[in-house]
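Since the structure comes first, as structure tokens, the remarks are kept for the end.
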There are 2 protein chains.
Amino acid sequence: MAPRKQEILEATIAYLLKHGLADLSLRPLAAAAGTSARLLIYHFGSREQLLAEVLDALHSRLRESFAEVSAREEHEPPLRTFWNWATSRRNFRSLRLLYELQILAAQNPDTYGRYLTRNSRDWVELVRAALPPAERTDAMATLFVAVFDGLFLELMSTGDRKRTTAALDEFIRVVRRARSSGTRAKRGDRDVS
Amino acid sequence: MAPRKQEILEATIAYLLKHGLADLSLRPLAAAAGTSARLLIYHFGSREQLLAEVLDALHSRLRESFAEVSAREEHEPPLRTFWNWATSRRNFRSLRLLYELQILAAQNPDTYGRYLTRNSRDWVELVRAALPPAERTDAMATLFVAVFDGLFLELMSTGDRKRTTAALDEFIRVVRRARSSGTRAKRGDRDVS
DNA sequence: CGTTACATGTAACGTTTGTTACATGGCACC
DNA sequence: GGTGCCATGTAACAAACGTTACATGTAACG
């Protein structure tokens, strides 16, 4: 990719992370990026394609970043690791943007549906596979994903990291206690809580 | 309120429930409502005020509807009652619209922040008060709200009511099991699970 | 030096945006 | 029957939208 185009893409990502994508328009974006609407179209072809490239770049960056973190961390429950990663200064705004995209796509799929590569069903499958066998159900996996989504939403709205993190820990604790009172999971099983 | 204005407001609500509010504009709305952009402004003063009145009406309707339902139902855990109510044919689209508003407001408060009467903190407080004393903590209340939000989000995205409802029931079950293995709550306590 | 390719600036295109000016309709009241 | 008031239609406004036409720059290559 041309270096100038790369710069513009970088600036666009920064702009979107700050302003969201609901009311994006070319001229203000261009001004913030130190260029002109003319050049945005020149380099990307259209506004649509610009959006597509930006969101693709975001996705692959997040995938990469998470793979790196999740391979390194071993001393925490994976759900907790994922939370730390998602709420870190580096990734929070990106995740927030993806949640906005998710909601807009749910409201009108015609406009935003095509950008949705983060398929909910895939996440649930991924989490399900990481659960201990006794809990490896759709319901349980869906619940885990929902807890994460809900807490992230709450964090977005209130900015209260302490309380939301405490709630996540509470969830992990509740699941552990339920485990010890119901069907026993084999000791040493890796699981996402 | 003038009856014509009432009709327009009704049609606007229907339109918003169908199309979302991210890309609302007067002329298409007016066409769908069988009137003209001219009259929207005439009756409501401005686009902003129209939106404000519509969202106010939505809020009070939902409050009313929920009060009615929650007073009637006694045989279920309140969280379950709330879920049934929120996902019913009658209320689902309204809730979805409010979630969209919530996210847009979190992304740019300058544009949408003023419409946010559904303060997250208030919900948490409400839920907290309904919890049995042993669990009456911020963390637990936040967790309950998050589970609901997350599951509703998942329902919005996938439409899979069966799976999300099963996940909610799973959550209720997990909390019960944790209760019976940890500090005992007094029998007969009303609580939101 | 001339040519060629890419990058950029200026200005405009046609649409759509929210909003307004102005005229006209119908209906009630004196 | 005239007089106002509320409702509505037509048309326009200025601004912003995504996009394009056209001209100009700059640098590399023969």
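Every chain is numbered from 1 and lettered A, B, ... according to where its sequence line falls, protein lines coming before strand lines. Only this structure's heavy atoms are used, side chains among them; waters, hydrogens and symmetry mates stay out.
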Measure the distance from [atom1] on [X] to [atom2] on [N] and round it to the nearest whole Å.
{"X": "H43(A)", "N": "dT19(D)", "atom1": "NE2", "atom2": "P", "value": "16 Å"}
{"X": "L39(A)", "N": "dA11(C)", "atom1": "CG", "atom2": "P", "value": "16 Å"}
{"X": "F44(A)", "N": "dT20(D)", "atom1": "CZ", "atom2": "P", "value": "16 Å"}

Test side chain to side chain contact (heavy atoms under 4.5 Å, CB included), reference S94(B), set L16(B), L62(B), I13(B), output is L62(B)

Report which part of the nucleic acid [X] touches: base, sugar-phosphate, or nothing (heavy-atom distance under 4.0 Å, all strands).
{"X": "R4(B)", "value": "sugar-phosphate"}
{"X": "L24(A)", "value": "sugar-phosphate"}
{"X": "T35(A)", "value": "nothing"}
{"X": "L50(A)", "value": "nothing"}

Applying the 3.5 Å cut-off to both distances, the Watson-Crick or G-U partner of dG30(D) turns out to be dC1(C)

Heavy-atom side-chain contact between R121(A) and T158(B) under 4.5 Å:
no

| Given side chains that start at C-beta, do those of R128(A) and F144(A) come closer than 4.5 Å, heavy atoms only? | no

T164(A) and E154(A): side chain donor to acceptor below 3.5 Å | no

Exercise. Would you say S25(A) reaches dC17(D)'s phosphate, i.e. side-chain N/O to OP1/OP2 under 4.0 Å?
Worked result: yes

dG18(C) phosphate, OP1 or OP2, under 4.0 Å from R47(B) side-chain N/O: yes

